[in-house]
Amino acid sequence: MRKLISTGSPFEKTAGYSRAVVQGDWCFVSGTTGYDYATMTMPETVEAQTRNCLATIAKALQDGGFEMADVVRAHYYITDQAFVDVVFPILGEAFGDIRPAATMIVCQLNKPEMKIEIEVTALRRSV
């Protein structure tokens, strides 16, 4: 069974994607930037953007019947190598005990105000 998860972001409709797609025991969460989707504002700091990314991802996972502990793969995209040491502790708070396979890449993102984008894949854990 396939389930599409949305945050209500206008980007999802315009670009034709879902925040997350649940297929069976898998949940694929799209690249998520630091927008506060309630206000459609972007904080200035990479720390605040990272926390917003993680909150949006956690909500998408929850809406799909998953938890952060189900995350098995994470991709982190940052716009400045200087952000590595800034975001690592925040990511460690979220994923330190989960320890998914992860990759971090320094690159450009779609808008200049975007400093980080995170995408994850989750597999429902057997109880």
Let me see the working for Met42 and Asn52 under side chain to side chain contact (heavy atoms under 4.5 Å, CB included), right down to the final yes or no.
CA-CA 9 Å; Met42 177 72 78; Asn52 280 359; over 6 Å; no

Begin from the C-alpha positions of Tyr77 and Met114 and carry the test side chain to side chain contact (heavy atoms under 4.5 Å, CB included) through to its verdict.
-> CA-CA 10 Å; Tyr77 306 94; Met114 296 174 176; over 6 Å; no

Give the C-alpha distance, both sets of side-chain angles, the deciding distance and a yes or no for side chain to side chain contact (heavy atoms under 4.5 Å, CB included) between Arg19 and Tyr37. CA-CA 12 Å; Arg19 173 62 46 212; Tyr37 288 105; 3.1 Å; yes

Check: Do Thr33 and Asn110 pass the side chain to side chain contact (heavy atoms under 4.5 Å, CB included) test, and can you show the C-alpha distance, the side-chain angles, and the key distance before you say yes or no?
Finding: CA-CA 10 Å; Thr33 60; Asn110 293 345; over 6 Å; no

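Ile118 and Cys53 get closest at one heavy-atom pair: CD1-CB, 3.7 Å. Contact record, Phe11 with Tyr17: O-CE2, 3.4 Å, taken as the closest heavy-atom pair. Heavy atoms only, all atoms of each residue included: Leu109 and Glu117 are closest at CD2-OE1, 3.5 Å. Nearest approach of Gly34 to Pro43, heavy atoms of both residues: O-CD, 3.2 Å. In this structure, Glu67 and Leu61 approach most closely via the heavy-atom pair O-CD1, 3.9 Å. Scanning both residues, Val87 and Met104, for their nearest heavy atoms gives CG2-CE, 3.7 Å.
Within the 3.5 Å criterion, the main-chain N or O of Thr7 finds a donor-acceptor partner in the side chain of Glu12. For Lys3 (side chain) and Ala20 (main-chain N/O), no donor-acceptor pair under 3.5 Å exists by modelled atom type. Proximity of a side-chain donor or acceptor of Thr41 to a complementary backbone N or O of Asp36 within less than 3.5 Å is not detected.
Side-chain contact check for Phe95 versus Val71: some heavy-atom pair is nearer than 4.5 Å. Looking at Arg2 and Val21, their side chains come closer than 4.5 Å, going by heavy atoms from C-beta outward. Met40 is listed as a side-chain neighbour of Pro10, based on a closest heavy-atom distance under 4.5 Å. Within the 4.5 Å cutoff, the side chain of Thr56 has no heavy atoms near those of the Tyr35 side chain. For the pair Ile57 and Met68, the minimum side-chain heavy-atom distance is below 4.5 Å. Contact of the Val22 side chain with the Cys27 side chain is registered, since non-hydrogen atoms from C-beta on lie closer than 4.5 Å. With contacts defined as side-chain heavy-atom distances shorter than 4.5 Å, the pair Thr50/Tyr76 does not qualify.
Here the CD atom belonging to Gln108 is positioned 12.0 Å from the CG atom belonging to Asp80, to the nearest 0.5 angstrom. Here Thr79 contributes atom OG1 and Lys111 contributes atom NZ; the two are 15.0 Å apart, rounded to the nearest 0.5 Å. Residue Arg51 holds its CZ atom at 4.0 Å from CD1 of Ile90, rounded to the nearest 0.5 Å.
Arg124 and Asp70 are not joined by a salt bridge, as no carboxylate oxygen comes within less than 4.0 angstrom of a charged side-chain nitrogen.
Note: Trp26 and Phe28 have parallel aromatic rings, judged against thresholds of 30 and 60 degrees for the angle between ring planes.
Side-chain heavy atoms closer than 4.5 Å link hydrophobic residues (I, L, V, M, F, W, Y) into clusters, and following such links, possibly through other members, connects Val120 to Ile98.
Open room surrounds CZ on Arg99; 12 or fewer heavy atoms of other groups in view lie less than 6.0 Å from it. More than 12 heavy atoms of other residues, nucleotides or ligands lie within 6.0 Å of CD in Glu93, so this atom counts as buried by the packing criterion.
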